[in-house]
Chemist: 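Structure provided below as structure tokens; questions to follow.
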Amino acid sequence: MTTSAGIAYEKARADGRAALVGYLPAGFPTVDGGIAALRTMVEAGCDVIEIGLPYSDPVMDGPTIQAAAQQALDAGVRTVDVLRTVEAVAATGTPTLVMTYWNPVERYGVERFAQDLYDAGGAGLITPDLTPDFAPEWIAAADARGLDKVFLVAPSSTDERIAMTTAACRGFVYATAVMGVTGARAATSDLAGPLVTRTKRAIETASAGAPGLPVGVGLGVSNGTQAAEVASYADGVIVGSAFVRVLLDHPDDLDAGRSALAALTEDLAGGVRQ
Amino acid sequence: MPEALIAALDELEISWQKAMLDPAFHQEFDGLLQNYAGVPSMLYDAHRLSERAGARILLKREDLNHTGAHKIRNVLGQALLTKRMGKTRVIAETGAGQHGVASATAAAYLGLDCTVYMGEVDTERQALNVARMQLLGAEVVPVKSGSRTLKDAINEALRDWVASVDHTAYLFGTAAGPHPFPSLVLSFVRGIGDEARRQCLDLTGGLPDAIAACVGGGSNAIGLFAGFLDDPDVAIYGFEAGGDGVETGRHAATIFAGSIGVLHGARTFVLQDDQGQTVESHSISAGLDYPGVGPQHAALAAGGRASYLPVTDAEAMDAMALLARTEGIIPAIESAHAIAGTLKVAEERQGQTILVNLSGRGDKDMGTALHYFGLGTPDSEPAGEADQ
């Protein structure tokens, strides 16, 4: 049974707070180690989990995530390992999405991937290099199974494209807060607020003013203070590189890495509740 | 493509289409090609090579253009567009360095800041071109990720572009990548084919029986091919980098041995594994060392209009030496692939006319040639094998 990320956003909204979305690539530091790490993030307060599918040419990722993904690829991680990770994390009841560049999905087979993701209990896909206007096959496969379709909007997106993108999304829409690749930043972007405002306006127009599709903001958040700042205007705070960095900093000691992950998650979870 | 770049690609497409309809743009572009780049390049009747081949071989001498390759045509067109868009900085990726040098040259000429991304492996095997780019005022950034070759340089350039798109244009180096680059690049390099067709008619009174070019990303080839696509009696050959031999898996023969996939925003032939991960390509020529290919070539291959065949490193290097010793022309190793492939095709086309695009000159490849052939002063130590 898949659980849409939208459910987690609704619960957070009912609590008067933002949702915390945590990311790690599958197979990092190992497949089983990655599953353990992701479960730690769930236990410590992540409302939604994103599992990255390691890819050889991750154009939108910065050096931290690319290093982790490359480590997973070097160790031989395969798409089936990603799906196994999804199954293990989704079993916790936390909505679990896969974040993936498009070519590995196409190579696996779009229908087959959608079905296997559904069977694993996955909520859906986040597609950083696939926009809705080039995604008819994925949209059909996802709609047939009720999977989340999370597309990205960017500060450079026109209002027309934001409207087109949000109309195609299910679960939430992913707002990239800065023009740049992933990576923890000392200060969050001043582009995020205006982008969220424009995105919410498009969603409200489409949903006749009712609270509609949630907006998650990603790229750059690494601590509770930043999370609180983003949570003041967004429905969700998406954190990736900071979690990956914690594990990279504990290369040979997964237990210590998990402890540090738990501490970071708690700090961030506190931030989205301020 | 990432949504963050869609607006920039749309802006580029609109600017390009407006420019294509503007006589002033064509006047400026054509003037630069003639007065700065040395275009049209000559069509040369290669008599001694023809004797060896048993076929009449005509060479389109793009190696005589300013900066030594066909690349200057594309770069001048894109740099002029950059100025029209009011942007002040250009970025580029380069493998062999020809596109990087051309980009640095155009940036210097037009007063634009320039950053060139180059795989770390390529900066080592193309050190001379790194120095040329730096002398021209460009910043050269060695890319240390992935296979540290051309595809990784493209990844890094795209990352830069996402972060700098408001004031930066990406001068894409070949007829690959996301729309509109394949069509845009073709519009700037198609003069190669148009000139060659006209020159061949003037020289021989007819069209060639076949045309040939090397194919990495495919810009010089698509430029030549464009001039002959409507001539069904002209056979078209593209020669890909066969590296150590396609059967070894160490090659860059993307159409011959790849499969359909998505890379750098284009659906085309890609070297990939069963998981959809890009496989590292290999070629002695840094300029052909790319695991993708322009989508126009994929379409020509799928439609059967053009044939794409692999040429090994060894065959290319033999052809490099042969052209040097028969005609006194040292080709780029990329172009040597086209010569080698043409010699093979000539075996079945004895007495026919084959027009080959000599897309670049070999000065930049002297380091590789030195190692491969064991050349140099008596005191130098030949490495005995190719610089890989």
Side-chain angles (χ1 to χ4, degrees), chain A residues 53-63 66-67 69-70 72-73 76-82 100-109 113 127-134 151-158 160-162 164-165 173-183 191 195 219, chain B residues 1-11 14 93 117 143-168 170 177-179 258-268 270-281 290-292:
Chain A
L53 192 156
Y55 178 52
S56 51
D57 295 275
V59 167
M60 289 298 289
D61 289 319
Q66 188 176 13
Q70 191 61 49
L73 287 173
V77 73
R78 299 170 67 83
T79 302
V80 291
D81 297 316
V82 178
T100 181
Y101 293 88
W102 188 241
N103 198 50
V105 176
E106 196 163 283
R107 191 69 176 170
Y108 192 86
F113 191 96
T127 50
D129 67 343
L130 183 73
T131 53
D133 39 344
F134 289 95
F151 296 105
L152 281 63
V153 294
S156 58
S157 301
T158 61
E160 292 74 20
R161 287 197 63 82
I162 288 175
M164 181 271 291
T165 303
V173 58
Y174 192 128
T176 51
V178 295
M179 289 300 285
V181 298
T182 59
L191 299 174
L195 174 61
L219 302 184
Chain B
M1 281 305 283
E3 171 66 21
L5 289 176
I6 298 291
L9 291 166
D10 287 347
E11 179 193 17
I14 291 166
E93 86 294 339
Y117 290 92
V143 176
K144 303 176 190 298
S145 59
S147 57
R148 296 178 294 137
T149 57
L150 182 56
K151 84 172 174 69
D152 307 288
I154 293 176
N155 291 339
E156 209 59 43
L158 286 170
R159 291 186 178 113
D160 181 318
W161 202 26
V162 171
S164 63
V165 70
D166 56 330
H167 66 286
T168 297
Y170 183 3
H179 179 75
S259 53
I260 296 291
V262 176
L263 179 65
H264 295 140
R267 180 182 302 285
T268 183
V270 178
L271 297 181
Q272 57 183 326
D273 66 15
D274 64 349
Q275 301 292 295
Q277 306 289 346
T278 310
V279 172
E280 287 183 21
S281 56
Y290 180 56

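We use all heavy atoms of the structure for the numbers below, so side chains are in, but hydrogens, waters and symmetry mates are not. Labels below follow one simple rule: chain letters A, B, ... track the order of the sequence lines, proteins then strands, and each chain is numbered from 1.
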Chemist: Starting at CZ of Phe134(A), measure out to NE2 of His179(B) and round the result to the nearest 0.5 Å.
Modeler: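 Phe134(A) atom CZ to His179(B) atom NE2 measures 8.0 Å (nearest 0.5 Å).
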
Chemist: What is the distance from atom CG of Asp61(A) to atom CZ of Arg159(B), rounded to the nearest 0.5 Å?
Modeler: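 Nearest 0.5 Å value for the CG-CZ distance: 7.0 Å.
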
Chemist: Just how far is it from atom CG of Asp10(B) to atom CD of Glu160(A), taken to the nearest 0.5 Å?
Modeler: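 Interatomic distance, Asp10(B) CG to Glu160(A) CD, rounded to 0.5 Å: 11.0 Å.
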
Chemist: Check each atom of Tyr108(A) against the heavy atoms of chain B and say whether the ones under 4.5 Å are side chain, backbone, both or neither.
Modeler: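 No part of Tyr108(A) comes within 4.5 Å of chain B.
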
Chemist: Counting only heavy atoms closer than 4.5 Å, note whether Asp273(B) contacts chain A via side chain, backbone, both or neither.
Modeler: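 For Asp273(B), the contact with chain A is made by the backbone alone.
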
Chemist: Within the distance-only criterion (no hydrogens, no angle test), does the side chain of Thr131(A) pair as donor or acceptor with the backbone N or O of Glu3(B) below 3.5 angstrom?
Modeler: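 Not at all, since once roles are kept as given, no pair shorter than 3.5 Å links the two residues.
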
Chemist: Looking at Arg107(A) and Asp274(B), what are the two nearest heavy atoms and their distance?
Modeler: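 Heavy-atom minimum between the residues: CG-O, 3.5 Å.
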
Chemist: Calculate, to the nearest 0.5 Å, the distance between atoms OG and CG belonging to Ser156(A) and Asp166(B) respectively.
Modeler: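 Spacing of OG (Ser156(A)) from CG (Asp166(B)) equals 10.0 Å.
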
Chemist: Taking all heavy atoms of Ala154(A) and all of Ala4(B), pick out the closest pair and write down the distance.
Modeler: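 Closest approach of Ala154(A) to Ala4(B): CB-CA, 3.6 Å.
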
Chemist: Looking at Gly276(B), is its backbone amide N or carbonyl O close enough to the side chain of Glu106(A) to form a donor-acceptor pair, meaning the two atoms are under 3.5 Å apart?
Modeler: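 It does not hold such a pair.
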
Chemist: By salt bridge (charged side-chain N to carboxylate O under 4.0 Å, His left out), which residues pair with Glu280(B), not counting sequence neighbours?
Modeler: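 Here no residue qualifies.
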
Chemist: Give, as side chain, backbone, both or neither, the part of Pro54(A) having an atom under 4.5 angstrom from any heavy atom of chain B.
Modeler: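 When you check distances to chain B, only backbone atoms of Pro54(A) fall under 4.5 Å.
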
Chemist: Which heavy atom in Val262(B) sits nearest to a heavy atom in Tyr55(A), and how many Å separate them?
Modeler: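 Answer, listing the atom of Val262(B) first, then Tyr55(A): O-OH, 3.8 Å.
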
Chemist: Between Thr278(B) (side chain only) and Ser56(A) (backbone N and O only), is there a donor and an acceptor less than 3.5 Å apart?
Modeler: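 No, the answer is negative, given that no donor and acceptor are paired below the 3.5 Å cut-off.
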
Chemist: Can you tell which part of Val153(A) gets under 4.5 Å to a heavy atom of chain B, answering side chain, backbone, both or neither?
Modeler: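 Backbone only.
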
Chemist: Compare every heavy atom of Gln275(B) with every heavy atom of Thr79(A), then report the nearest pair and how far apart it is.
Modeler: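 Minimum heavy-atom contact is N-OE1, 2.8 Å.
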
Chemist: Under the side chain to side chain contact (heavy atoms under 4.5 Å, CB included) test, which residues partner Met164(A), sequence neighbours left out?
Modeler: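 For Met164(A) the side chain to side chain contact (heavy atoms under 4.5 Å, CB included) partners, ignoring immediate neighbours, are Pro132(A), Asp133(A), Arg161(A).
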
Chemist: Looking at every heavy atom in both His264(B) and Asp57(A), which two are closest together, and how far apart are they?
Modeler: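 So the minimum-distance heavy-atom pair works out to NE2-OD1, 4.4 Å.
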
